[in-house]
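Working notes, structure below.
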Amino acid sequence: MGKKISKEEVIQALLELSFIYSTGATSLGDIATRLGIKKASLYNHFESREDLISKTNLYCAGYLRAMTFSPSNLTELAEKYSASAVLKGTVNRYFKMFQKNPLFEIYTFVQSQKYFSKEAMEIVRENDTKLAKQTLTILQTLIQKEKLPKMEKQRLQYSVLWFCSGINDLLNRFLMERKQTVMQTPAEGVGQLFNLPANLDQLKKIDLLVDYFINLVVKDSPHD
């Protein structure tokens, strides 16, 4: 009797191989070899390679939807700490989530596929929209707790877009550098990525982003 492999195991194998070699360079044969099964066994779960990629997109979408940028105890944090401390803590927590497996592989897969797949593009768009909505909630809470000055609606919306663009740019750079560190020593395996020490330089950049945001965007807002 052949080795039994679940649909999720096949998807995870695709994510891992795509992380190392890219999705375009990963064949069904590569996936089967990684799993120790015959290529034909993959058709028990997927009609084709395209179907596998589509189902992997759905898997990634579900995983990303379960993530939250805004901390669950936001109101408590906003009452206790400064706006700077809340924002820095929130962004640092967000970055740490992406360093853990399988989220990094999922993020890398979707980001690379967004140029070729409408499904992936919609996943990225949905995740960006969620980030913006939760950032807006954070800023509104900080304003309500008088940790930030009030802003008129349009300025607040532009501030959210500016801040989220900065977060996404830093996150992409952060993860790209982490991946390159691993790929320079492939014998250690992908798992090495998730055991790397904190990148203090990148963490400093997060703090600078928050400070710059508060000083040039928020603190310059006119009071009502």
Side-chain angles (χ1 to χ4, degrees), residues 59-111 122-179 193-221:
Y59 175 85
C60 293
Y63 205 99
L64 289 170
R65 286 186 188 118
M67 288 181 55
T68 59
F69 176 65
S70 179
S72 59
N73 58 338
L74 173 61
T75 301
E76 178 184 344
L77 293 174
E79 290 176 348
K80 187 175 181 180
Y81 299 104
S82 66
S84 176
V86 172
L87 290 173
K88 288 177 182 178
T90 298
V91 178
N92 271 282
R93 167 183 164 273
Y94 188 63
F95 275 42
K96 288 177 181 177
M97 285 192 291
F98 279 94
Q99 294 183 66
K100 297 179 180 179
N101 196 14
L103 187 54
F104 189 10
E105 292 175 354
I106 286 173
Y107 183 82
T108 303
F109 179 84
V110 172
Q111 288 292 329
E122 291 299 330
I123 293 169
V124 172
R125 183 176 296 167
E126 178 183 333
N127 198 57
D128 287 345
T129 299
K130 181 176 69 174
L131 176 64
K133 287 182 177 179
Q134 294 188 7
T135 298
L136 176 61
T137 298
I138 292 171
L139 295 183
Q140 289 174 329
T141 302
L142 290 169
I143 291 171
Q144 181 184 13
K145 299 302 178 181
E146 299 183 344
K147 298 301 177 72
L148 292 176
K150 292 182 180 180
M151 288 183 280
E152 54 95 14
K153 184 177 180 180
Q154 187 177 46
R155 185 178 180 85
L156 180 58
Q157 290 174 337
Y158 281 127
S159 296
V160 168
L161 291 176
W162 186 94
F163 191 64
C164 290
S165 294
I167 291 173
N168 282 327
D169 182 63
L170 281 181
L171 179 62
N172 286 328
R173 291 171 181 267
F174 179 66
L175 296 181
M176 178 176 62
E177 291 176 6
R178 302 285 277 190
K179 179 177 178 180
L193 173 70
F194 310 104
N195 296 318
L196 291 174
N199 186 322
L200 297 180
D201 183 58
Q202 287 293 347
L203 298 181
K204 288 179 181 178
K205 289 179 181 178
I206 293 173
D207 290 349
L208 288 174
L209 171 70
V210 172
D211 290 338
Y212 191 72
F213 173 74
I214 291 177
N215 290 331
L216 298 185
V217 179
V218 181
K219 287 188 176 179
D220 289 340
S221 298

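Model, not experiment: these values are computed from the prediction.
- Inter-residue side-chain proximity for Arg93 and Thr68 is flagged as met; some heavy-atom pair is nearer than 4.5 Å.
- Taking OG from Ser82 and NZ from Lys145, the interatomic distance works out to 15.5 Å, rounded to the nearest 0.5 Å.
- Residues Ser159 and Met151 approach most closely at OG-SD, 3.9 Å, considering heavy atoms.
- Distance check, rounded to the nearest 0.5 Å: CD of Gln134 to SG of Cys164 gives 9.5 Å.
- Note that the CG atom of Leu142 and the OG1 atom of Thr75 stand 10.0 Å from one another [nearest 0.5 Å].
- Residues Leu87 and Ile214 meet the side-chain proximity criterion, which asks for heavy atoms closer than 4.5 Å.
- In Arg173, the CZ atom is not crowded: 12 or fewer heavy atoms of neighbouring residues, nucleotides or ligands sit closer than 6.0 Å.
- Relative orientation of the Phe69 and Tyr94 rings is perpendicular, given thresholds of 30° and 60° on the angle between their planes.
- Rounded to the nearest 0.5 angstrom, Gln157 CD and Leu136 CG are separated by 7.5 Å.
- Contact of the Tyr158 side chain with the Gln154 side chain is registered, since non-hydrogen atoms from C-beta on lie closer than 4.5 Å.
- Side-chain contact between Asn168 and Leu131 is present, with at least one heavy-atom pair separated by less than 4.5 Å.
- Put simply, the side chain of Thr90 does not reach to within 4.5 Å of the side chain of Leu77, judged on heavy atoms.
- You'll find the side chain of Met67 reaches within 4.5 Å of the side chain of Leu103, heavy atoms only.
- Below 30°, between 30° and 60°, or above 60°: for Phe213 and Trp162 the angle between ring planes is below 30°, a parallel geometry.
- The main-chain N or O of Leu64 is found under 3.5 Å from a side-chain atom of Lys130 such that the two form a donor-acceptor pair.
- Between the side chain of Lys88 and the backbone N or O of Val210 there is no donor-acceptor pair closer than 3.5 Å.
- Of all heavy-atom pairs between Ala83 and Leu148, the closest is CB-CD2, 3.4 Å.
- The heavy-atom pair separating Ile138 from Val86 by the smallest distance is CG2-CG1, 4.4 Å.
- Judged purely by atom type and a 3.5 angstrom limit, Asn127 has no side-chain atom pairing as donor or acceptor with the backbone of Ile123.
- Residues Val91 and Leu171 are not in side-chain contact: their nearest non-hydrogen atoms beyond the backbone lie 4.5 Å or more apart.
- Other residues, nucleotides and ligands place no more than 12 heavy atoms under 6.0 Å from the CD atom of Glu146.
- Expressed to the nearest 0.5 Å, how far CG of Leu74 lies from CD of Glu79 amounts to 10.0 Å.
- Inter-residue side-chain proximity for Leu139 and Phe163 is flagged as unmet; no heavy-atom pair is nearer than 4.5 Å.
- Atoms CZ and CG, from Phe98 and Leu175 in turn, are 7.5 Å apart once rounded to the nearest 0.5 Å.
- The two residues Ala132 and Val160 come nearest to each other via the heavy atoms O-CG1, 3.4 Å.
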